[in-house]
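Data first, discussion second: the structure below is written as structure tokens.
Side chains are part of it too, since the values below use all heavy atoms of this structure and drop only hydrogens, waters and symmetry mates. One is the number of the first residue; the rest follow in order along the sequence.
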Amino acid sequence: MKYLLTFLFFGIFNISCLSQCNSELKNYAVGFNDIKASSFSFLDHSIDDVRIVGYGEDTHGTAEFTLLAKELMEYLSKKHGFKVLIIETGFGEGQYLNDYIQGKRNDLKTILENHNSTWRYKTTEFYQLMDWLKAYNKNNSDKIYLYGCEMQYVISDVNRIREYLNTVNSDYQIDGFEKHLWQSIEESEKTDYYISYTKLKKYFIDNYESFKSKTSEREFNLAYQHIVVLGQFVSAIIQNVEQRKHDFRDIYMGENIQWIMNFHSNETKALYWAHNAHVGDWVDNGGFVDVTGHQLRKLYGDYFFNIATDFGTGEFIAFPVDANQTGNWKFNTFSHKEVLKGTFSDCLQQMGNPNTFLNIRKAKLDKKLKEYLDNELTTMSGAGAQARNSQTETKTIGKAFDAIIYLDKTNKINWSE
């Protein structure tokens with residue numbers, strides 16, 4: 001009896017695993033060898049009318065996902081006229097990075113040390129991306145612009161406002177905003193931040209005509225957006241439940257991306273690069289709130305084309321799973337040594353050579369494939385800032401994305417010197 005039960009268990013398990021791969025998907029899959037702009041011709045006719053390509057990385061601490069962002073931006077800019085790159089960093093922090101690629105500054109290391117709160121950009125791979133953007137802008141008149149869409153840490157926004165005030169010969173003093181969203185902030189500090197924000201906002205509104213005449217309406221609007229970001233920060237820190245802070249973060253990322261798109265012309269096309277969790281078209285983040293990708297889908301419909309990533313084997317860097325409980329915020333190296341059989345990752349691996357691009361949007365024109373892809377699928381689990389408890393993750397990834405790129409072998413990020 002015991003052996004019969006064991007046999008039945010593994011039989012059911014194998015049937016379940018086999019259901020993770022539909023052989024008809026191969027008609028919508030392309031294998032490719034190298035992470036190069038020249039490899040991405042599989043996107044040629046899929047994004048002709050798209051305004052925003054969302055690129056989700058499965059793991060922050062993986063070198064290849066930053067390299068893919070670089071090559072994807074190169075392909076999109078040269079072949080499809082994409083001229084805006086939006087990344088998962090503070091709005092104010094993004095402005096300092098944009099200064100670098102516009103040739104206004106040459107001290108990228110200083111910018112990343114003094115104006116950047118995101119650890120995963122302090123890598124040789126990110127340097128390669130930034131240097132390519134800088135070289136492109138130096139040699140081309142149709143410049144690429146870089147923006148951050150975050151509001152977790154806003155001291156860089158304060159600094160940019162101060163720089164603008166100096167330009168218009170104002171000695172207005174801005175107080176507060178030294179802490180970030182996830183620090184402990186006293187109620188009195190929250191009150192002070194709110195008062196500081198509302199006074200600053202009123203000051204800019206009252207002096208709109210004067211400031212505009214000394215700079216331009218465009219420069220004023222950019223400076224004012226930094227104040228909007230301060231307001232977003234104030235709204236988030238007063239939440240008493242930590243999950244609500246995560247919710248507000250995604251809501252404001254979506255709003256900031258919409259502002260960036262409106263700030264440029266209707267012809268503007270942008271690449272939005274963040275974690276899969278933020279790029280997917282799903283109501284997630286604890287189960288209650290539209291993540292950024294879902295907001296973009298509602299705003300732009302099919303003009304938003306989002307691409308997930310998955311990987312098979314390799315190392316990545318992340319904080320420990322239990323860092324919140326133990327306070328051990330030291331990076332560890334994690335690894336996947338094999339692709340688990342029967343997973344959707346295994347299915348993608350079989351279709352690749354060695355890497356795979358699967359056009360989910362096109363595949364779902366087939367009703368049977370749509371039904372299959374809209375179900376939960378199991379992939380190898382990556383990480384955000386923290387590693388996850390499980391080696392796999394089961395989500396409706398086929399429902400949330402228009403495409404997926406599977407990389408067979410990856411490596412951990414390389415810290416810059």
Checking side-chain contact (heavy atoms from CB on, under 4.5 Å) for the pair Phe91/Asp157: CA distance, chi angles, key distance, verdict? CA-CA 7 Å; Phe91 185 81; Asp157 295 277; 3.6 Å; yes

Is it true that [X] and [Y] have a side-chain N and a carboxylate O under 4.0 angstrom from each other?
X: Lys78; Y: Glu74; value: yes
X: Lys79; Y: Asp44; value: no
X: Asp366; Y: Lys368; value: no

Under 3.5 Å, is there a donor-acceptor pair between the side chain of [X] and the main chain of [Y]?
X: Ser235; Y: Gly231; value: yes
X: Thr379; Y: Ser345; value: no
X: Thr396; Y: Lys399; value: no
X: Thr62; Y: Asp58; value: no
X: Glu64; Y: Phe311; value: no
X: Gln102; Y: Asp99; value: no
X: Asn116; Y: Thr118; value: yes
X: Asn306; Y: Asp402; value: yes
X: Asn276; Y: Ala308; value: no
X: Glu393; Y: Ser381; value: no

Quiz question: by atom type and distance under 3.5 Å, do the side chains of [X] and [Y] form a donor-acceptor pair?
X: Thr378; Y: Thr392; result: no
X: Glu24; Y: Asn27; result: yes
X: Ser170; Y: Tyr203; result: yes
X: Asp175; Y: Ser196; result: no

Roughly how far, to the nearest 0.5 Å, is [atom2] of [Y] from [atom1] of [X]?
X: Leu369; Y: Leu365; atom1: CG; atom2: CG; result: 10.0 Å
X: Leu85; Y: Ser77; atom1: CG; atom2: OG; result: 10.0 Å
X: Gln232; Y: Ile237; atom1: CD; atom2: CD1; result: 13.0 Å
X: Gln295; Y: Gln258; atom1: CD; atom2: CD; result: 9.0 Å
X: Asn359; Y: Ile307; atom1: CG; atom2: CD1; result: 9.0 Å
X: Met151; Y: His226; atom1: CE; atom2: NE2; result: 15.0 Å

Going by heavy atoms in the side chains, are [X] and [Y] under 4.5 Å from each other?
X: Gln225; Y: Val228; value: yes
X: Ile161; Y: Tyr172; value: no
X: Tyr252; Y: Val229; value: no
X: Thr124; Y: Asn414; value: yes
X: Leu112; Y: Tyr121; value: yes
X: Thr313; Y: Asp408; value: no
X: Phe248; Y: Phe233; value: no
X: Arg160; Y: Leu222; value: no

[X]/[Y] aromatic ring centres below 6.0 Å:
X: Trp119; Y: Phe331; result: yes
X: Tyr147; Y: Tyr145; result: no
X: Tyr272; Y: Tyr55; result: no
X: Phe65; Y: Trp273; result: no

Ring-face cation of Arg218 near Phe263 (centre distance under 6.0 Å, axis angle within 45°):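 Yes.
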
Report the C-alpha distance between Ser117 and His180 in whole Å, list the side-chain angles of each, state the deciding distance to 0.1 Å, and finish with yes or no for side-chain contact (heavy atoms from CB on, under 4.5 Å). CA-CA 9 Å; Ser117 60; His180 61 71; over 6 Å; no

Going by the angle between their ring planes, with limits at 30° and 60°, are Tyr96 and His115 parallel, tilted or perpendicular? parallel

In terms of the angle between their ring planes, are Phe220 and Phe204 parallel, tilted or perpendicular, with boundaries placed at 30° and 60°? tilted

Listed once per pair and sorted, the salt bridge (charged side-chain N to carboxylate O under 4.0 Å, His left out) pairs that draw on residues 269-278, sequence neighbours left out: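 Sorted pair list comes back empty.
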
Where at least one partner belongs to residues 371-380, residue pairs that pass salt bridge (charged side-chain N to carboxylate O under 4.0 Å, His left out), sequence neighbours excluded: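 For residues 371-380, and leaving out neighbouring residues, the salt bridge (charged side-chain N to carboxylate O under 4.0 Å, His left out) pairs sorted by first residue read Lys364-Asp374, Lys370-Asp374.
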
Take a 6.0 Å sphere around [atom1] of [X] and say whether it holds more than 12 heavy atoms from other residues, nucleotides or ligands.
X: Lys245; atom1: NZ; value: yes
X: Lys201; atom1: NZ; value: no
X: Gln325; atom1: CD; value: yes
X: Lys109; atom1: NZ; value: no
X: Tyr300; atom1: OH; value: yes

Could you go step by step and tell me if Asn324 and Gln386 meet the side chain to side chain donor-acceptor pair (under 3.5 Å) rule? CA-CA 9 Å; Asn324 284 324; Gln386 287 178 254; 3.2 Å; yes

Any side-chain hydrogen bond (donor to acceptor under 3.5 Å, both in side chains) pairs touching residues 28-43, not counting sequence neighbours? none

Among His275, Arg120, His278, find the residue that satisfies the side chain to side chain donor-acceptor pair (under 3.5 Å) test when tested with Glu57.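 Checked His275, Arg120, His278 against Glu57; only one passes side chain to side chain donor-acceptor pair (under 3.5 Å): Arg120.
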
May I have the step-by-step check of side-chain contact (heavy atoms from CB on, under 4.5 Å) for Leu340 and Asp346, ending in yes or no? CA-CA 7 Å; Leu340 297 185; Asp346 180 36; over 6 Å; no

Kindly determine whether Lys83 and Tyr136 satisfy side chain to side chain donor-acceptor pair (under 3.5 Å), including the steps that lead there. CA-CA 11 Å; Lys83 299 305 171 190; Tyr136 179 92; 2.5 Å; yes

Test side-chain contact (heavy atoms from CB on, under 4.5 Å) on Thr66 and Gln128; report intermediate values, then the result. CA-CA 9 Å; Thr66 301; Gln128 291 175 39; over 6 Å; no

